[in-house]
Chemist: 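This structure is in structure tokens; I'll ask about it shortly.
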There are 2 protein chains.
Amino acid sequence: MRTEGRAKRLPRAVRERQIMDAAVDVFSRLGFHSASMDEISEVAGISKPMLYAYLGSKEELFATCIRREATRMMEAIATGVEPDQEPDVQLWSGLRAFFGFVGENRASWMVLHRQASSQGGPFAVELMDMRARAVSLVAALLTQSTKAPATKLEAESLAAALVGAGESLADWWLDHPEEPAGVVAARLMNLVWMGFGDLVDGNVWHPPSRR
Amino acid sequence: MRTEGRAKRLPRAVRERQIMDAAVDVFSRLGFHSASMDEISEVAGISKPMLYAYLGSKEELFATCIRREATRMMEAIATGVEPDQEPDVQLWSGLRAFFGFVGENRASWMVLHRQASSQGGPFAVELMDMRARAVSLVAALLTQSTKAPATKLEAESLAAALVGAGESLADWWLDHPEEPAGVVAARLMNLVWMGFGDLVDGNVWHPPSRR
DNA sequence: CAGTAGTCTTACTCGTGAGTAGGTACCAGG
DNA sequence: CCTGGTACCTACTCACGAGTAAGACTACTG
């Protein structure tokens, strides 16, 4: 296995992709600190100086990973959501897109959610930036559709709670992969749209057919 | 400042408490990996070998911190909750106790939520254990009070979502400390009990007076 | 078939931090 | 005033991992 001498010559862009993929994999498994540049270079099938030549320091590499994965995820959600619809439909499509992305791309999700948020450095900035975009998206959805005089703070905190519920449920889902994405998404939709109060009485929210 | 020579002689139990307090403080600020035993010993006003003599290795120390803080927190919640009440009242009192604990004990919360969950090792076990207890508490509450034939998996995932929402909102709260605990708790209560659907229509849940 | 630009490597340096060896001060009870 | 025993210290060892120096290999260009 360790018999590979020199790696095959490849154009820079291709190598950079390989390295990033390896980095996301290793960071997701080991976390930022425990991950070593040696291991990343090994997984990428390349030697360490290449890593430094192409992607800079360990911190830069990590930040680049976060940026890439965050962008991929936000694009997936943006693509999935349907604007100019009723609030509940918008929320529903957003949730579906989110859980769809997490279902594939488990490693990406680990890096984004677990690792990035626990490092205090410049990473949290990148991450919180994305998270803030998600939160204000939901907050806007809430504000525009509510009739009650909700304050900015109120909408924001509710949105934070909802986003957190999504994150947490995604984590839970990682341990129960037998459930399909749609089911999990629908469950969260029911919780945040109907509330326990209604669920207890047997009133549920129905997604597709009507409309 | 660095002029202290020898520390005053104290009984072991007292020193252990001091060390634990220092450890929670440092771990919460720096995270597990970045925290050094040197700094912990410094903050505790003691030298490194004492640390090893009393609390063992770094990992043992961290695990002990988690266990202590988790226990403190679960006790706080258990004390605050009111059994033999309507489901919504039980949930409400649980939420109040939770946010009350986080309000004081910020450091404890950081260690528990951010640090412990991001380390894959034996720590996650400790933590997930406590989290599982919280989740099944909520799941039981849900199951016993619902009329719909909710599956075990369904109740569990909803509970996970709720717990996650609480955690996330607690994190958000750390950045907006101006809000009192009760307000934040009430907001989450509204979200999970009434749901956005009702909130949008201006129907809110009222906590105390009636009953 | 030079020359040169970009890919790739081996083999180091050097700081940092976990864990320890081998003591010194202080307080019993005899 | 000796004799332990427990709290406490200074000053190390040693591994591991980030980052680098210096050069070798390949391929295209005139």
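Model, not experiment: these values are computed from the prediction. Proteins come first, then strands; the chains are lettered A, B, ... in the order of their sequence lines, and each starts at number 1.
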Chemist: Would you say B/Leu91 and B/Val192 make side-chain contact, with heavy atoms under 4.5 Å?
Modeler: yes
Chemist: Give me, pair by pair, the N or O atoms of the protein and of nucleotides 28-30 of chain D that are less than 3.5 Å apart, along with how far apart they are.
Modeler:
none

Chemist: Between A/Leu188 and A/Gly166, what is the shortest heavy-atom contact and its length?
Modeler: CD2-CA, 3.6 Å
Chemist: For B/Asp38 and D/dA11, what is the distance between atoms CG and P respectively, to the nearest whole Å?
Modeler: 14 Å
Chemist: Measure CD/B/Glu16 against C1'/D/dC8 and give the value in whole Å, please.
Modeler: 15 Å
Chemist: Please report the distance, rounded to the nearest Å, between CD in B/Glu42 and P in D/dC9.
Modeler: 12 Å
Chemist: Hey, are A/Ser168 and B/Arg131 close enough side-chain-wise for a donor-acceptor pair under 3.5 Å?
Modeler: yes
Chemist: Just by distance, do the side chain of B/Ser136 and the backbone of B/Ala139 share a donor-acceptor pair under 3.5 Å?
Modeler: no
Chemist: Would you indicate, yes or no, if D/dT6 has its OP1 or OP2 atom less than 4.0 angstrom from a side-chain nitrogen or oxygen of B/Arg15?
Modeler: no
Chemist: Can you figure out which of D/dA18, C/dA18, D/dC9 approaches the side chain of B/Ile46 most closely?
Modeler: D/dC9
Chemist: Evaluate side chain to side chain contact (heavy atoms under 4.5 Å, CB included) for B/Met50 paired with B/Arg15, printing each intermediate quantity in order.
Modeler: CA-CA 9 Å; B/Met50 290 307 300; B/Arg15 273 281 183 252; 5.7 Å; no
Chemist: Using a heavy-atom distance cut-off of less than 4.0 Å, which residues of residues 23-37 of chain A contact DNA chain D?
Modeler: A/Ala35, A/Ser36, A/Met37
Chemist: Sequence neighbours excluded, which residues qualify as side-chain contact (heavy atoms from CB on, under 4.5 Å) partners of A/Glu82?
Modeler: A/Gln85, A/Val89, A/Ser93
Chemist: Using the ring centroid of each side chain, check whether B/Trp109 and B/Phe99 are separated by less than 6.0 Å.
Modeler: no
Chemist: Which comes earlier along DNA chain D counting from the 5' end, the contact point of B/Arg12 or that of B/Lys48, where each point is its nearest nucleotide?
Modeler: B/Arg12
Chemist: Anything under 3.5 Å between a protein N or O and an N or O of nucleotides 21-30 of chain C, put it in a table, one pair a line.
Modeler:
from   : atom 1 : to     : atom 2 : distance (Å)
C/dT24 : O2     : B/Arg6 : NH2    : 2.8

Chemist: Any chance CZ of A/Arg17 has more than 12 other-residue heavy atoms, nucleotides or ligands included, within less than 6.0 Å?
Modeler: no
Chemist: Using atom CD of B/Glu39 as one end and atom P of C/dG17 as the other, report the distance to the nearest whole Å.
Modeler: 9 Å
Chemist: Please determine whether side chain to side chain contact (heavy atoms under 4.5 Å, CB included) holds for the pair B/Ile46 and B/Gln18, giving the CA-CA distance in whole Å, both sets of side-chain angles, and the decisive distance to 0.1 Å.
Modeler: CA-CA 9 Å; B/Ile46 212 180; B/Gln18 290 182 356; over 6 Å; no
Chemist: In whole angstrom, what separates A/Met50's CE from D/dA21's P?
Modeler: 16 Å
Chemist: Within residues 51-67 of chain A, find the residues that approach DNA chain D with a heavy atom at under 4.0 Å, and present them sorted by residue number.
Modeler: A/Tyr52, A/Ser57, A/Lys58
Chemist: Side chains of A/Ser34 and B/His33: any donor to acceptor distance under 3.5 Å?
Modeler: yes
Chemist: Regarding A/Lys58 and the six-membered ring of A/Tyr52, is the cationic atom NZ or CZ under 6.0 Å from the ring centre and inside 45° of its axis?
Modeler: no
Chemist: My understanding is that only residues two or more places apart in sequence, or in another chain, count here; which of them pass salt bridge (charged side-chain N to carboxylate O under 4.0 Å, His left out) with B/Arg106?
Modeler: none
Chemist: Look at the aromatic rings of B/Phe62 and B/Phe27 and report parallel, tilted or perpendicular, splitting at 30° and 60°.
Modeler: perpendicular
